[in-house]
*Asks:* 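Next up is a structure, given as C-alpha cells.
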Amino acid sequence: MKVLVINAGSSSLKYQLFDMDKEEVLAKGNCDRIGIDGVFSYKAASKGIALEYDFAFPNHTVAANKVLETLADPEVGVISDISEIGAAGHRIVHGGSFFMEATLVDSDEVIEKIEACKTLAPLHAMPNAAGIRACREAMPNIPHVAVFDTAFHSTMPDVAKTYALPRDLCEKYSIKRYGAHGTSHKYVSQKTAEFLGKKPEDLKMVTLHLGNGSSITAIDKGRCVDTSMGLTPLAGPLMGTRCGSIDPAIVPLLLDNELVQDKETGEMRKMSGSELNALMNKKSGVYAVSGGYSDFRDLESNADKGDEKSALALDMFAYQCKQIMAGYIAILGGVDCIVFTAGIGENGPRTRSKICKGLLEPLGIELDEVANDCKGVARDVTGKNSKVKVLVIPTNEELMIAKETLAVAAL
Ligand code: AMP
C-alpha cells in the first residue's frame with residue numbers, strides 16, 4: 001500500500017510517498033514559494049533522481065497536481081498511475097478542542113473545523129486546510145486523513161492542561177495547553193518501546209524533542225500526561241529563536257513601554273501584540289542570548305573560542321531542559337527511560353551530556369560519554385551505574401503520519 005504524506009504551509013507543500021509494506025520512502029520533495037513564483041523539488045533515491053527547477057505555483061491545487069503528475073511520470077516517476085496511491089495523510093498543526101486523534105476527512109465540516117483553529121495556529125490552519133482541499137480535489141477517490149500535532153497530548157489531565165485565568169475567558173478563547181510535536185513524541189515513544197523489547201504500557205518515559213523548536217513530554221503507559229509547549233509552541237525551554245516560558249508580566253511591560261517606528265507613518269508608537277509575538281517567536285531564545293546565533297553548531301564553536309554569550313545560551317538551554325525533565329520525573333513518580341530526539345537531540349552529544357550531568361545521585365540517571373559520542377543513530381547511551389535507560393531515537397514524523405493514515409483509513 002502506498003501512502004502520500006502532505007505537509008502544507010502558507011507558501012509550501014512538502015510531500016513524501018511511502019511504500020508502507022516496507023515502510024520505505026519512494027519519493028519526496030517540496031513545492032515551494034506557492035503564491036509567489038514557485039520552485040519544485042523532487043527526489044527519488046532508488047532511481048538516483050534529484051530535481052529542482054522553477055515552476056509557477058499560483059495556489060496549492062496546482063502544487064498538488066504537479067506532485068501527482070511527477071510521481072506518475074514515465075521517466076522520473078516511481079508509480080505507473082496515481083491510482084496506486086491508496087491514501088493521503090495530512091500533517092495538521094492544530095486540532096484545537098475538536099480533534100483528539102487522527103481523523104478521516106470525509107466531509108467539508110472536518111476541514112471547516114481545522115480552519116476554525118486559526119486563532120490558535122494563525123500561520124498554519126488555513127494553509128493546512130488548503131492542502132487538504134487541493135489534494136481531495138486531485139485525488140477524490142481515496143481516503144484523506146488529518147493527523148494532528150496536538151492529538152497525542154489530548155490525554156493530558158486537567159491539572160496539566162488548565163491555565164489559571166478566568167474560566168469564562170479560557171472558554172471564550174479556547175485557552176488551555178494543547179502542546180505540539182505530538183506526532184514526533186508518539187513515534188519516538190513507540191520506537192523506544194520497540195528498541196527496549198517492551199510494550200509502551202510497561203514504560204514511564206520522558207521524551208526530549210530538541211530541535212529549532214523544542215518540547216519535552218512525560219509519557220506514562222504510552223499516554224502523554226504532560227508536555228512543555230502550551231497554547232502555542234512558545235512555552236517550554238528557550239529554543240532557537242523562541243523565548244520559551246517567561247514571566248507573563250514581561251508582556252504588558254513591553255507593550256506599555258517599548259516604542260517602535262511605524263512602517264507606514266514613520267512615527268514612533270507602542271509595540272503591537274502581534275509585533276511582540278513575532279519578537280518572542282523569531283528574535284528571542286538562544287539567538288537573543290548569544291547575540292545572533294540559533295544553530296547549536298555555531299553556538300558550540302563560538303563557545304569553544306571563548307564567546308561567553310554563546311556559552312551562556314548553551315548553559316541556559318541545558319538548565320531549562322533539565323529542570324523540566326526532572327519535574328516530569330516527579331510527576332511520573334519515577335522514570336524508566338529518557339529519550340533524546342530531533343536535530344539537537346539526535347546530533348548534539350554535548351547538549352545531551354549537559355542535560356544528564358549530575359543526575360546519577362538524585363535521579364539515577366547517568367550517561368555513557370563514549371556511547372554518547374554519536375549522531376543521527378538509534379543508540380543506548382546509558383551509563384554503567386544508571387538505573388534509568390538513556391536513549392537516542394531518531395524521529396520520523398512523516399512515517400508516523402503514514403502509519404496513522406493507514407490505521408484510520410483501515411486499509
Ligand atoms: P530540527 O528543528 O529538529 O531540524 O533541528 C535543527 C537544529 O538541530 C539546528 O538548528 C541545530 O541547532 C541542531 N543541530 C543539527 N545538527 C547538529 C549537530 N551536529 N550538533 C549540534 N546541533 C545540531
Side-chain angles (χ1 to χ4, degrees), residues 5 7 9 12 14 16 25 28-30 32 41 91 93 123-124 149 152 179-189 191 207-217 227-229 232-244 281-305 307 309-322 339-357 367 369 371-379 381 390-401:
V5 173
N7 183 354
S12 68
K14 298 194 185 87
Q16 287 199 19
V25 179
K28 64 178 178 179
N30 189 13
D32 209 3
S41 67
R91 180 187 188 192
V93 163
L123 299 179
H124 294 102
D149 264 7
F152 183 59
H181 292 152
T183 308
S184 172
H185 287 287
K186 184 172 182 179
Y187 177 81
V188 165
S189 65
K191 274 279 155 194
T207 49
L208 295 97
H209 175 115
L210 309 180
N212 200 30
S214 293
S215 66
I216 303 171
T217 295
T227 193
S228 60
M229 285 180 167
T232 74
L234 201 49
L238 75 166
M239 307 174 206
T241 57
R242 293 187 191 127
C243 59
N281 272 288
K282 297 188 180 140
K283 299 272 179 226
S284 302
V286 293
Y287 174 83
V289 177
S290 68
Y293 300 92
S294 63
D295 192 305
F296 275 53
R297 287 162 288 199
D298 295 334
L299 294 170
E300 288 176 4
S301 96
N302 293 347
D304 287 344
K305 290 180 204 137
D307 174 15
K309 289 186 287 188
S310 291
L312 175 62
L314 290 169
D315 285 349
M316 284 172 67
F317 184 73
Y319 179 94
Q320 294 185 14
C321 289
K322 180 181 275 196
V339 190
F340 289 97
T341 195
I344 303 163
E346 291 166 30
N347 303 300
R350 224 159 123 166
T351 298
R352 292 194 295 258
S353 170
K354 276 165 91 81
I355 292 173
C356 293
K357 210 165 214 80
L367 183 135
E369 294 294 348
N372 184 46
D373 189 14
C374 65
K375 289 181 182 172
V377 288
R379 181 176 279 191
V381 298
V390 187
L391 305 175
V392 179
I393 302 286
T395 192
N396 191 339
E397 286 162 282
E398 291 76 16
L399 177 58
M400 189 73 224
I401 293 171

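This chain uses plain numbering: 1 for the first residue, then up along the sequence. This is a predicted model, so every value here is computed, not measured. Note that ligands are numbered from 1 as they come in the structure, with each ligand's atoms numbered from 1 the same way.
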*Asks:* One thing to verify: whether R297 and D295 come together as a salt bridge, which I'm taking to mean a side-chain N less than 4.0 angstrom from a carboxylate O.
*Replies:* yes
*Asks:* For ligand 1, which atoms have a heavy atom of A342 less than 4.0 angstrom away?
*Replies:* 3 (O)
*Asks:* Indicate, as side chain, backbone, both or neither, the part of R350 found under 4.0 angstrom from ligand 1 when only non-hydrogen atoms are considered.
*Replies:* neither
*Asks:* Give the numbers and elements of all ligand 1 atoms closer than 4.0 Å to a heavy atom of R297.
*Replies:* 15 (C), 16 (N), 17 (C), 18 (C), 19 (N), 20 (N), 21 (C)
*Asks:* Identify the heavy atoms of S310 and L299 that sit nearest to each other, and give their distance.
*Replies:*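 The answer is CB-O, 3.6 Å.
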*Asks:* If I take atom CG from residue L208 and atom OG1 from residue T351, how far apart are they, to the nearest 0.5 angstrom?
*Replies:* 11.0 Å
*Asks:* Just how far is it from atom CE of M316 to atom OG of S290, taken to the nearest 0.5 Å?
*Replies:* 10.5 Å
*Asks:* Should N212 be counted as touching ligand 1, given the test is an N or O pair under 3.5 Å?
*Replies:* yes
*Asks:* Do any N/O atoms on G343 end up under 3.5 angstrom from N/O atoms on ligand 1?
*Replies:*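 In this structure, G343 places an N or O atom under 3.5 Å from an N or O of ligand 1.
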*Asks:* Note the single closest protein heavy atom to atom 9 (C) of ligand 1, along with its residue, its atom name and the distance in Å.
*Replies:* D295 OD2, 3.8 Å
*Asks:* Going from CG on D373 to CZ on R350, what distance comes out if it is rounded to the nearest 0.5 angstrom?
*Replies:* 12.0 Å
*Asks:* Considering heavy atoms of the protein only, find what lies nearest to atom 22 (N) of ligand 1 and give residue, atom and distance to 0.1 Å.
*Replies:*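 Residue, atom and distance for the closest contact: F296 CB, 3.6 Å.
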*Asks:* Would G211 count as a polar contact of ligand 1, with the cut-off being nitrogen or oxygen pairs under 3.5 Å?
*Replies:*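 Not met; the criterion fails.
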*Asks:* How about atom 2 (O) of ligand 1: does it have a protein heavy atom within less than 4.0 Å?
*Replies:* yes
*Asks:* In terms of heavy-atom contacts, does NZ of K309 have more than 12 from other residues, nucleotides or ligands at under 6.0 Å?
*Replies:*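 No.
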*Asks:* Could you identify the single nearest non-hydrogen protein atom to atom 13 (C) of ligand 1 and state the distance to 0.1 Å?
*Replies:*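 Checking every protein heavy atom, the shortest distance to atom 13 (C) of ligand 1 gives I344 CG1, 3.4 Å.
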*Asks:* Given 3.5 Å as the limit, does a donor-acceptor pair link the side chain of S353 with the main chain of P349, or not?
*Replies:*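 No.
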*Asks:* Is N347 in polar range of ligand 1, meaning some N or O pair under 3.5 Å apart?
*Replies:* yes
*Asks:* How far apart are the C-alpha atoms of T395 and H209, what are their side-chain angles, what is the distance that settles it, and do they pass the side chain to side chain donor-acceptor pair (under 3.5 Å) test?
*Replies:* CA-CA 8 Å; T395 192; H209 175 115; 5.0 Å; no
